[in-house]
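Single-structure report; data block below.
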Amino acid sequence: MYVEMKHITKTFDGFQASRDVNFGVEKGHLAALLGPSGSGKTTILRMIAGLDRPDSGDILINGARVNDLPGSKRGIGFVFQNYALFRYMTVADNIAFGLEVQKKSKGEIKSRVEELLELISMKDLGKRYPHQLSGGQRQRVAFARALAPNPQLLLLDEPFAAIDAKVRRELRTWLREMIERVGVTSIFVTHDQEEAMEVADMVIITNQGRVEQIGSPEEICLHPQTDFVKDFIDAERFEALMAIH
Amino acid sequence: MSEKTKKAYETEETADGLHSIQKVIEPPHESSRPIIKYLLIGVCVLFLAVMLVIPLIVVAVNAFSDGWAAYQKAVMDEYTLKALWLTLLATVSAVVVNTIFGIFAAYLLSKFYFKGRQVLATLIDIPFSISPVIAGLVFILTFGNIGWMGDFLKAHDIKIVFAVPGVILATIFVTFPFVFRELFPVMNAQGKDEEEAAALMGANGFTIFRRITFPHIKWALLYGVILCTARAMGEFGAVSVISGHLRGKTNTLPLHVEILYNEFNTTAAFAVSSLLVILAVLILIARNIVEWKKK
Ligand SMILES: Nc1ncnc2c1ncn2[C@@H]1O[C@H](COP(=O)(O)OP(=O)(O)OP(=O)(O)O)[C@@H](O)[C@H]1O
Ligand SMILES: [Mg+2]
């Protein structure tokens, strides 16, 4: 397992956002955290990234306990729910930021930025500012920025939430391909079951701060283990979906 | 770019506090009744004329009523220059202190959550709601001979009340919410995401401030500084109480004007006033440039 959460609990002002959360994600896999709004998905992601601290439990990355390690030392790339692009920097500067902070050489930064712009097919848009981009383009920049320092683990919070349905479908196929190409272990948050089922190797269903079920998309569709999962997953839709695949 | 997406960009641009505030000034639509429009224009112009334009003209006319030489004499007078110097000193001190304090306080209150956040924000606003005269008295009661820290200060030979430090303290006090008030909504609207993203990439606090926070707040900051300057220069009440009106020592320009006026030295009083007016106009111009740049 590359990432492991062991008995994680987290409360915000007396509100339990995570209750004894346990799961693991294997190296190179793409896992989806799927659950209704407010079920604690973002909270889990933020704890893995070191943006929030769990009240108890252990977070392991590559076998080492990272609870006390600052987020910047965990080898993580993070794509925020609304991308959080640096609005006063160009696309190229956004992507370069993480490398500059690491004091990489100018030449190295330049070639890495060009490589990533190529990867996201935005070679000519490096000089634009975030507000001059479409939603999908912003999403790709956020992705490139997170990947720039070569993280071992990529965390994405609702990467497609702000994008309209049609582009969304294209983008998620694109993202899946990218992640495979780069070979980075990834966890993404979504409340769209179709998205989770179609893209992820493994799905973690959350509900009211708890993990309800963990499994491959097929397992979850065909063998829901709790009443909640049974209700939450629209099985018929997935049989149809699987048939297409 | 299609017309529709262009619209979307525009609304997004106004999503932060800064732009949406400016939006309020621009009228969203024309009223269908021109009579009302002209009536309102008339009322505003009349009001401004009575309250602002005529008094300013009076200042100018009176300042020069005894001719250029008399004006020059009043302005170049030793005590006037000393008062001008003290006004500038107090203003610069207030601006420096309140800018630093304002940035820290706005950063704290907009980016961190803790108990008593609201109480702290309210405390910062106190100088807005307290009469400056009372503020001056409070300082006298705290630092004066009969005050609370009086014995301590006397023992260490530190003079605050009826001295320059008191004037500076009072000026800082009455102006300290200005920078904070301008910065806070802008920082609040920015949210924490960009800063968290930068921190995750390993940027330290100073780099984050310089490259992420500062570009976002710079115009608001400048605007706050300008408002603070304007208020600091004109402060009368608190300074009047705490200064003791020692001519050439603790008199600021507004106090000096009052003294001259009370001595029936009207021409000189208006001449010195005109200095304040000139400073005010300079600030007004700066303010407009900043507002224009902010867009
Ligand atoms: N900083 C915070 N302070 C207080 N409560 C919080 C905080 N962050 C999250 N919560 C609460 O914890 C619960 C879980 O929040 P979380 O953001 O993890 O949900 P989510 O599954 O990501 O939901 P969504 O799909 O709407 O993004 C929510 O009820 C939320 O109100
Ligand atoms: Mg969320």
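In the text below, chain A, chain B and the rest are named by the order of the sequence lines, each starting its count at 1.
With values rounded to the nearest 0.5 angstrom, A:L51 atom CG is found 8.5 Å from B:K192 atom NZ. Taken to the nearest 0.5 Å, the OG1 atom of B:T207 stands 6.5 Å off from the CZ atom of A:F97.
Few gaps surround CZ on B:F114; more than 12 heavy atoms of other groups in view lie less than 6.0 Å from it. More than 12 heavy atoms of other residues, nucleotides or ligands sit less than 6.0 Å from atom NZ of A:K27. The environment of A:K6 atom NZ is sparse: at most 12 non-hydrogen atoms of other residues, nucleotides or ligands sit within 6.0 angstrom.
Among the candidates A:M89, A:Q102, A:K73, A:R74, the residue making the largest number of heavy-atom pairs closer than 4.5 Å to chain B is A:M89.
Below 4.5 Å, heavy atoms of chain B meet heavy atoms from A:F78, A:F80, A:N82, A:A84, A:L85, all part of residues 78-85 of chain A. At a heavy-atom cut-off of under 4.5 Å, chain A is reached by B:A198, B:A199, B:L200, B:M201, B:G202, B:A203 from residues 198-206 of chain B, listed in order of number.
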Which donor-acceptor pairs under 3.5 Å do side chains of residues 99-108 of chain B form with protein atoms, sequence neighbours excluded?
{"residue": "B:T99", "atom": "OG1", "partner": "B:V95", "partner atom": "O", "Å": "2.5"}

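Here A:E100 pairs with A:A96, A:I109, B:R211 under the side-chain contact (heavy atoms from CB on, under 4.5 Å) rule; sequence neighbours left out.
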